There are 2 protein chains.
Amino acid sequence: MLIKETKTHEVTTDVVIFTIKNGKLMVLLVRRANEPFKGKWAIPGGFIRLSEDLDAAALRILKEKTNVQNIYLEQLYTFGDPLRYPNSRVITCAYFALIRSDDLELSFEDKSQITDVQWHKVNQLPSLAFDHREIIEYSLKRMRERLELCPIAFQLLPKKFTLTELQYSYELIMGKKLDKRNFRKKVLSSKIVKELDEYTKSTSKRPARLYSFDNITLNSKRGHFFS
Amino acid sequence: MLIKETKTHEVTTDVVIFTIKNGKLMVLLVRRANEPFKGKWAIPGGFIRLSEDLDAAALRILKEKTNVQNIYLEQLYTFGDPLRYPNSRVITCAYFALIRSDDLELSFEDKSQITDVQWHKVNQLPSLAFDHREIIEYSLKRMRERLELCPIAFQLLPKKFTLTELQYSYELIMGKKLDKRNFRKKVLSSKIVKELDEYTKSTSKRPARLYSFDNITLNSKRGHFFS
DNA sequence: TTATTATATGTAAAAAATACACTAATGCAA
DNA sequence: TTGCATTAGTGTATTTTTTACATATAATAA
C-alpha cells in the first residue's frame, strides 16, 4: 500500500549558539515575526539553499544572526518528527556552536522575520517555538559529552585567558564544581594550553598568568579530558 | 543577491547495517537496478515519506531489506554535500545498525530498484555509489566510539553467548586484540551480563559458560567500557 | 603595615588499567 | 584408556590515573 508522494520535504538548519555572559551559560534566541509561533522565541535557523552544503548553511545562519565567523560548529542531530512543524513537513538539521559574547554585536538584517535577538539563560528559558526546547536540551547534553573529550570550552574564552577563567567555563557547562589543583594539573599536563609571559593587570589582587590555546585540532579525539 | 528557490530538497535515509559473519565484520549492500550508479553497490536506503519520522523511515528500510525489526539503530549523521547526488539535491540522514546475521534471511521485494543484496567485508568493499564509502567509514568510526561507552556489541551476538564470542566481537569492531583476563574482568565487574547455568555443548574442547545481556538501556552513558 | 582576596602549588591515598602464565575440561586419535 | 590438542577459565603485581586536601604568594585597599 505505497502512497505515491510527490510533494517533498523542506529542510532547515537551526543553530544552538552558546556563550558565557555575566557568569551564566546563555543561548542565543530570536523572536519570530511571523506565524507559526509568531512572537515566540526560537533558535536561529533558516532554510537550506538548494546548492548549499549543510555546514555552509549553518555558518551562514550564524553569520546572519551574530556576525561571527570561524567558529566551532558541530552537527548535532537531525530532527524529523512529522508533527514538529505545524501544517508542513520540515526536517531540521541542528548544529551547535560556542562563541565569545564580548567580541560580537547581535544583528539581524531581516526584520521581516525576526523582531528581536537576545541572549537567554540556559536554565531560565522562555517558552520556545517548535521543538526548540528539546533541541537545546539535547545540545547541552552533547556539549557536555564533547567537553569531556576535547577542550571546546576555549571557544568561549578570549585568546588570552587565565586558568581560573577556563575552569569557570568548564564548571558552567558541566554544571558542577571542579577541584582547582586537579583541574590545573590536568590542563597543564595535556599540553593543550601555552603558558604566556603575560599576566592580568586591571583587576585588584594577585595577577593571574595568561594562557592561550595552541593549534587545537577540533573533533579529534585525544583521549578524555574531564569527566 | 538572494536567489529565490522554489524547488525543495529530497530527503533520504541510508542505513549502514553491520554484522559478523564467518569471523569477519560485514556490511549489507544492495546492488542498484537503476541510474544513477546503475549496477553499483550501495547502502540500503530510500526516500523518507512525507509523514514519516526519521527513525521510522530507517526502521522501515531495514525491514524491507532484511526482515529484521527491534534492532539497535542510531542516527549517525546527515550528509548534505550538494554534489553528493548527481543531477539533484538529495540530503541523506544516515543511520547505523548492528544485527545478528544468523537469524535473518536477506530479502528484497522491490526488484525494480534492487538486483541483489549481499553482505560485504568491511575491509574489502567494492566500488560504491554516491558518497557511500564515506558514510560507511564514518559509521565505523562512530561505532567504535559508541562501543567504548556502551556494550552495543551484544546486538551482534545470539541471546546466549560465551565471553569469548563477546570478546571476539569487540576485537573485530575495534580492530585490535584485547587481553582475555582483563576483558573478562571488566565485563563481569560491569554487571551488564548475566551468568547462566548453561554451557556450550556442540563444539569440541572445553565447554564455555553462556551469558546473556540483561536489560540493556542503550544510548545511556554508563561510564566507559572499553578503550 | 595590615587586612583582604584571588593566584598558585604538591603529596598521599585510592581506584583503574595493564601486563602476564598457568590449570581445567573436553574431544579425538593413537 | 591414555595422552594430546584445544579452548575455557582464573589472580596478582605494577603502573597509571584520579581524587582529596591546605598553605604560601602577590597584589590592592584601607
Side-chain angles (χ1 to χ4, degrees), chain A residues 20 22-23 144 147-151 157-158 160-172 174 176-212 221-227, chain B residues 20 22-23 144-145 147-151 157-158 160-172 174-212 221-227:
Chain A
I20 291 177
N22 306 323
R144 289 185 179 125
L147 203 56
E148 289 179 20
L149 298 176
C150 118
L157 298 174
K160 299 171 183 182
F161 54 88
T162 68
L163 292 188
T164 303
E165 289 167 338
L166 180 62
Q167 180 175 350
Y168 191 62
S169 308
Y170 268 83
E171 291 179 343
L172 265 185
M174 302 300 277
K176 68 177 178 191
K177 288 278 174 206
L178 300 171
D179 178 86
K180 191 203 284 194
R181 274 172 293 186
N182 293 337
F183 181 87
R184 296 165 99 92
K185 206 186 307 176
K186 201 156 181 179
V187 169
L188 294 174
S189 70
S190 74
K191 305 267 173 59
I192 55 167
V193 296
K194 192 167 64 179
E195 188 178 286
L196 302 176
D197 283 327
E198 294 176 66
Y199 296 83
T200 51
K201 290 206 168 83
S202 52
T203 79
S204 56
K205 313 305 141 47
R206 177 174 177 174
R209 175 164 232 129
L210 291 169
Y211 293 80
S212 71
K221 196 180 178 192
R222 72 182 74 247
H224 298 281
F225 204 63
F226 282 104
S227 50
Chain B
I20 292 177
N22 306 325
R144 290 186 178 125
E145 289 174 4
L147 204 55
E148 289 180 19
L149 299 176
C150 117
L157 298 175
K160 299 172 183 181
F161 54 87
T162 69
L163 292 188
T164 302
E165 290 168 338
L166 181 63
Q167 180 176 349
Y168 191 61
S169 308
Y170 268 82
E171 290 179 344
L172 264 185
M174 302 301 278
K176 66 177 178 192
K177 288 278 175 208
L178 299 171
D179 178 85
K180 191 204 286 194
R181 275 171 293 189
N182 294 337
F183 181 86
R184 296 165 98 91
K185 207 186 306 175
K186 201 157 179 177
V187 170
L188 293 175
S189 70
S190 75
K191 303 269 174 59
I192 53 167
V193 296
K194 192 167 65 179
E195 188 179 285
L196 302 176
D197 283 328
E198 293 177 66
Y199 295 83
T200 51
K201 290 205 168 83
S202 53
T203 80
S204 55
K205 312 307 139 51
R206 177 174 177 174
R209 174 164 233 129
L210 291 169
Y211 293 80
S212 71
K221 196 179 176 193
R222 72 182 73 245
H224 299 280
F225 204 61
F226 281 105
S227 51

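Fair warning: this is a prediction, and the values are worked out from it, not measured in the lab. Chain letters run A, B, ... following the sequence lines, proteins first and then strands; every chain starts at 1. Quick note: numbers below take in every heavy atom, side chains included, and nothing from hydrogens, waters or symmetry partners.
- In the interface, the side chain of B:Arg206 is not paired with the base of D:dT7 through any donor and acceptor atom under 3.5 Å apart.
- Applying the side chain to side chain contact (heavy atoms under 4.5 Å, CB included) rule to A:Leu172 yields the partners A:Ile20, A:Tyr168; only residues at least two apart in sequence or on another chain are considered.
- In terms of position along DNA chain C, the nucleotide closest to A:Leu163 lies nearer the 5' end than the nucleotide closest to the other residue of the pair B:Lys201 and A:Leu163.
- Side chains of B:Tyr211 and B:Val187 form no contact here, defined as non-hydrogen atoms less than 4.5 Å apart.
- If you take NZ of A:Lys177 and P of D:dC21, they are 16 Å apart, rounded to a whole angstrom.
- In this structure, CG of A:Leu210 is placed 17 Å from P of D:dA26, rounded to the nearest angstrom.
- Atom pair A:Tyr211:OH and C:dT7:C1' shows a separation of 10 Å (rounding to whole Å applied).
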- Could you give me the CA-CA distance, side-chain angles and deciding distance for A:Arg184 and A:Thr164, then say whether side-chain contact (heavy atoms from CB on, under 4.5 Å) is met? CA-CA 9 Å; A:Arg184 296 165 99 92; A:Thr164 303; 3.8 Å; yes
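- Look at OH on A:Tyr199: it is 15 Å from P on D:dT25, rounded to the nearest Å.
- The NZ-P distance, from A:Lys176 to D:dT18, rounds to 12 Å in whole Å.
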What pairs of nitrogen or oxygen atoms, one from the protein and one from nucleotides 1-5 of chain D, lie under 3.5 Å apart?
none

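- Rounded to whole angstrom, the span from the CZ atom of A:Phe183 across to the P atom of C:dA8 amounts to 13 Å.
- In this structure B:Glu165 satisfies the side chain to side chain contact (heavy atoms under 4.5 Å, CB included) test together with B:Leu157, B:Phe161, B:Thr162, sequence neighbours excluded.
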Restricting both atoms to N or O, compile the protein contacts to nucleotides 12-17 of chain D shorter than 3.5 Å, with distance only.
from: D:dT12; atom 1: O4; to: B:Lys185; atom 2: NZ; distance (Å): 2.8

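- Looking at A:Arg209 and A:Leu163, their side chains never come closer than 4.5 Å, going by heavy atoms from C-beta outward.
- The side-chain heavy atoms of B:Lys176 and B:Glu171, taken from C-beta on, include no pair separated by under 4.5 Å.
- At a threshold of 4.5 Å between non-hydrogen side-chain atoms, the residues A:Lys201 and A:Tyr199 do not count as touching.
- Backbone-only contact: B:Thr164 has heavy atoms under 4.0 Å from sugar-phosphate atoms and none from a base.
- Residues forming a salt bridge (charged side-chain N to carboxylate O under 4.0 Å, His left out) with B:Arg206 (at least two apart in sequence, or on another chain): none.
- With DNA chain C read from its 5' end, the first of the two nearest nucleotides for A:Ala208 and A:Arg181 is the one closest to A:Ala208.
- Look at OH on A:Tyr168: it is 13 Å from P on C:dA6, rounded to the nearest Å.
- With distances taken from any side-chain atom of B:Asp179 to the nucleotides C:dA25, D:dT10, C:dC20, the minimum falls on C:dC20.
- The distance from atom CD of B:Glu165 to atom C1' of D:dT7 is 12 Å, rounded to the nearest whole Å.
- Applying the side chain to side chain contact (heavy atoms under 4.5 Å, CB included) test to B:Arg181 and every residue at least two apart in sequence or in another chain returns B:Asp179.
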